[in-house]
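Read the structure below first, then the notes.
None of the values given here were measured: they were computed from a predicted structure. Values below: every heavy atom of this structure, side chains too, minus hydrogens, waters and symmetry copies.
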Amino acid sequence: FDQAMAQLGSTGKNKDEMVYNTFTLFDTDDTGTVSAENMANVGQYFAVSALAGTKPFELLEKYDSNSDDVLDVYEFSHMVEDNSITGSMGSVLRNYAKRLSEIAGAVGAATRRDEIADSVADYLRLVCGKNQSRVEWIADRLTNGSVNEDFVGSVLVEMCIKNLDDNEPIYTDTDVGQDLTTKMDKLNSSILAKMTELIANTSWWTEQGFNTEYQPKCNEMMLNWTIAAHSAADSTNLAFVDVISGVSLHESVDRQKLVEAMPKAAFQLAQESVKLAKLRKLSAKKEKRSRMFSTKTGKMLLHRLQGGAMASRASTDSSESDAASMALNGGIEATKATLEFAKWLSWNASDTADRYIDDCTDYSGESSNAASGFNTKIKGMIAKTLSFIKTFKTYASTEGIQMIETKFENFTTNAIGEVKSLLEERLNGLIVEYEPAMENSIHKAAFQTGEKIGTMVGSILSSPITKTLNESIEKALEASVGPGAAEELSETLSATLGTEIKNWTADYIGKEAGTLLDDLITKALDSGGSVLSNAFSNYQTHEARSSKARGLSLAQSAERVELKHDLASISSLDAEIDHLFQSHNRKSFKAKKAALYHQRSQASQASQSGFSIELSTAWTDVYNLMTSLYNLIPQGVKMLKGAREDVSKLSANLKSIFKSLFMKGPKIFDEVARIWKVIWVVYFLFLMPFCGFTLYYGFWAS
């Protein structure tokens with residue numbers, strides 16, 4: 001079709017307009033002229049192979065009529081007609097329009113703040129060398145308060161990041177970020193100062209979903225732009241340093257040296273800020289982990305169930321953690337004002353691209369060129385989509401969903417039971433570890449209490465007994481030794497006897513009371529052990545029934561009942577020890593008691609060190625699943641966003657081309673139909689006389 005258009009359509013009729021539109025593209029350094037270096041850059045920027053190598057210098061030497069080593073508009077108009085670069089104007093302008101159309105499609109379909117900011121940065125980098133009025137319009141929108149400051153900061157960050165990326169396409173020699181900030185400073189310098197401060201804030205980078213690894217260099221770049229913008233306005237006035245630094249500096253401070261040192265200092269401060277943010281994040285994660293697993297039992301459960309790791313085990317400086325944070329925080333919905341701005345920009349860019357494509361079609365007679373590569377783009381888009389499908393097929397297909405459901409069903413069935421089993425194992429160890437000391441303390445406390453009771457009883461009884469003995473002894477001795485001596489002797493004898501009676505009473509009653517209290521405590525513990533045994537027995541029955549109702553195998557139910565039985569048998573330890581330590585036999589069996597506890601303790605330790613409870617894969621399966629999703633979902637989000645952007649760009653590009661075909665195609669088809677009709681008429685007009693002559697000759701010859 002393009003060949004038919006080239007042969008049948010009129011070409012070259014709008015050369016002056018094409019020269020006007022392409023000269024600014026060739027003038028990559030915005031000097032008003034085109035140098036050999038400019039032509040070489042255009043060949044690289046817009047993939048024009050005819051301008052590679054030494055060709056730009058040959059063309060300059062051939063068409064530089066005034067020998068000033070550059071081409072003005074007049075000389076340029078002759079140069080583009082050279083047979084060695086035929087169609088160069090159409091190729092360059094068409095590639096520019098194609099890229100402009102792609103940006104229009106991307107920004108028009110964007111709904112997130114980061115997507116719109118990325119497209120605006122691409123638009124600025126494309127049009128800066130050709131149309132400064134568009135850069136001024138965007139600078140005005142960014143500084144007049146019509147869009148929020150977060151969006152303005154996002155656009156500037158995207159500009160910085162694209163400057164740092166060597167793979168980003170370049171269309172001009174001008175520093176686009178510097179050009180934009182200079183215009184912003186002229187319109188509203190306070191907004192530019194706020195943006196400089198905002199970009200220096202690491203917390204803001206994290207909240208907006210940007211990669212903080214870029215912040216130090218972006219902070220330095222932004223400060224360089226700001227300083228250059230202020231210097232361009234007034235190179236002698238350095239008062240802006242006070243605004244940027246946030247303090248009023250003394251007159252003795254050398255502001256010029258401070259200005260020179262600020263960008264490097266900004267880089268270093270941003271580096272330290274990023275490191276500090278990572279340390280805070282790591283500290284918060286460790287603190288959260290410490291709170292969640294502060295007890296020995298919690299740590300034991302984490303170690304036994306998940307191998308000591310959490311599902312979000314990725315470290316704070318790992319790419320997985322950064323990708324997850326950026327995917328989560330980067331999906332901020334754009335405000336209504338930002339969406340309106342994006343729509344206007346999309347319409348303007350689309351209309352401009354359509355106009356340039358029409359101009360190229362009129363000039364060259366072709367609707368597209370070989371560089372368009374729609375099939376390659378479609379293949380790339382399909383490859384991204386297939387990559388996403390392949391990546392998530394494991395989880396999003398019917399089989400994947402069934403696999404996830406099975407794992408979670410297994411988790412809900414076995415997870416709580418395994419936690420109970422491990423807690424019972426832990427309880428077993430605690431009982432074995434602490435019950436001997438608890439038993440000794442209880443028995444010791446019982447006898448100490450008995451002794452105190454005996455002492456109190458002896459004190460109570462000793463006073464009346466001593467008084468009675470004193471009176472009796474005094475009366476008995478009055479006849480023998482006299483009243484005075486009898487009174488003295490009676491007090492001494494009664495005091496001695498009272499003390500002995502008190503000590504004997506306290507010792508006897510204390511022992512009996514201690515034995516009685518010990519027996520009472522023993523019976524209480526025995527009764528508690530029986531209750532615990534009965535409770536575990538009932539729980540075993542209930543667990544067995546529940547296991548059967550859930551469809552568990554008999555072997556699994558038997559293992560659970562056996563585990564509960566082992567724990568319940570611990571409760572019978574009290575009764576067993578109490579039987580050995582009756583009041584009349586307590587001292588003789590003390591060694592046996594210690595040996596019994598030692599034996600049970602060794603058995604429990606051996607059981608725990610060997611991990612006697614065999615766990616299922618329920619926790620491990622869910623842990624691995626959550627970790628995989630934690631790492632895969634950010635990649636999926638990135639792939640989907642990339643595929644969506646490719647679809648938007650391709651559809652917008654195709655729309656522009658087919659719009660041109662819609663306008664010019666019918667005329668071409670009508671012309672082809674007319675020629676086709678003429679050909680067949682001529683054919684039949686020639687064939688009919690020939691057939692008549694042949695018939696005549698046949699009759700004549702016969």
Side-chain angles (χ1 to χ4, degrees), residues 102-125 137-162 180 184 191 194-195 197-215 218 222 277 281 312 320-350 381 384-385 388 392 396 629-652:
E102 291 175 348
I103 294 174
V107 72
T111 58
R112 311 283 181 179
R113 179 186 297 165
D114 61 332
E115 296 173 341
I116 298 176
D118 179 74
S119 297
V120 171
D122 286 336
Y123 178 82
L124 287 168
R125 288 168 63 85
W137 175 80
I138 292 179
D140 178 65
R141 290 299 299 267
L142 295 179
T143 55
N144 64 10
S146 60
V147 292
N148 61 36
E149 294 180 356
D150 287 335
F151 175 72
V152 179
S154 297
V155 172
L156 292 172
V157 167
E158 292 290 352
M159 295 292 297
C160 293
I161 293 176
K162 290 180 184 298
L180 176 65
M184 290 176 64
I191 290 293
K194 287 183 180 179
M195 293 305 102
E197 182 179 355
L198 193 66
I199 292 175
N201 188 343
T202 304
S203 298
W204 180 82
W205 276 69
T206 305
E207 292 169 0
Q208 300 300 313
F210 291 118
N211 188 348
T212 55
E213 295 296 328
Y214 289 110
Q215 190 195 357
C218 287
M222 183 64 195
K281 188 175 180 180
S312 57
E320 291 85 359
S321 178
D322 288 340
S325 298
M326 288 188 290
L328 182 63
N329 298 332
I332 301 174
E333 289 282 351
T335 63
K336 183 179 179 180
T338 303
L339 290 174
E340 290 176 353
F341 165 71
K343 288 298 182 184
W344 192 97
L345 183 62
S346 173
W347 294 335
N348 180 268
S350 180
M381 178 187 67
K384 287 183 179 180
T385 306
F388 171 81
F392 281 85
L629 292 176
Y630 182 85
N631 295 329
L632 280 177
I633 288 178
Q635 299 179 19
V637 171
K638 186 177 181 180
M639 283 190 289
L640 276 181
K641 290 175 69 175
R644 178 189 176 190
E645 184 178 0
D646 288 346
V647 170
S648 301
K649 291 178 178 179
L650 183 60
S651 63

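Glu207 contributes atom CD, which lies 11.0 Å from atom OG1 of Thr202 (distance to the nearest 0.5 angstrom). Taking CZ from Arg125 and NZ from Lys162, the interatomic distance works out to 7.0 Å, rounded to the nearest 0.5 Å. The CD1 atom of Ile138 lies 5.5 Å from the CG atom of Leu345; values are rounded to the nearest 0.5 Å. In this structure, the separation between CD1 on Ile161 and CG on Asn211 is 7.5 Å, given to the nearest 0.5 Å.
Using cut-offs of 30° and 60° for the angle between ring planes, the Trp204 and Phe210 rings count as tilted.
Using a 4.5 Å heavy-atom cutoff, the side chains of Thr206 and Thr212 are in contact. Under the 4.5 Å side-chain criterion, counting only non-hydrogen atoms from C-beta, Val152 is not in contact with Thr143. With a 4.5 Å cut-off on side-chain heavy atoms, Met222 and Met159 do not count as touching. For the pair Glu102/Asp122, no side-chain contact is recorded, criterion being any heavy-atom separation below 4.5 Å from C-beta on. Looking at Val107 and Tyr123, their side chains never come closer than 4.5 Å, going by heavy atoms from C-beta outward. Counting heavy atoms from C-beta outward, Tyr214 and Val157 have side chains that stay 4.5 Å or more apart. For the pair Leu339 and Ile116, the minimum side-chain heavy-atom distance is below 4.5 Å. Between Arg113 and Glu333 there is no side-chain heavy-atom pair separated by less than 4.5 Å.
Between Leu180 and Ala139 the shortest heavy-atom distance is CD1-CB, 3.9 Å. In terms of heavy atoms, Ala104 sits closest to Ser350 at CB-N, 3.7 Å. Nearest heavy atom pair, residue Arg141 against residue Ser146, reads NE-OG, 3.1 Å. The two residues Gly108 and Lys343 have their closest heavy-atom pair at O-NZ, 2.9 Å. Closest approach of Met195 to Gly153, counting heavy atoms only: SD-N, 3.5 Å. Heavy atoms only, all atoms of each residue included: Asp114 and Glu158 are closest at O-OE2, 4.1 Å.
Judged purely by atom type and a 3.5 angstrom limit, Thr338 has no side-chain atom pairing as donor or acceptor with the backbone of Val147. When atom types are taken as modelled, the side chain of Ser119 and the backbone of Glu115 share a donor-acceptor pair closer than 3.5 angstrom. Judged purely by atom type and a 3.5 angstrom limit, Gln215 uses its side chain to pair as donor or acceptor with the backbone of Ile199.
More than 12 heavy atoms of other residues, nucleotides or ligands sit less than 6.0 Å from atom CH2 of Trp344.
The side chain to side chain contact (heavy atoms under 4.5 Å, CB included) with Phe151 is formed by just one residue from the set Ile332, Thr335, Val120; it is Val120.
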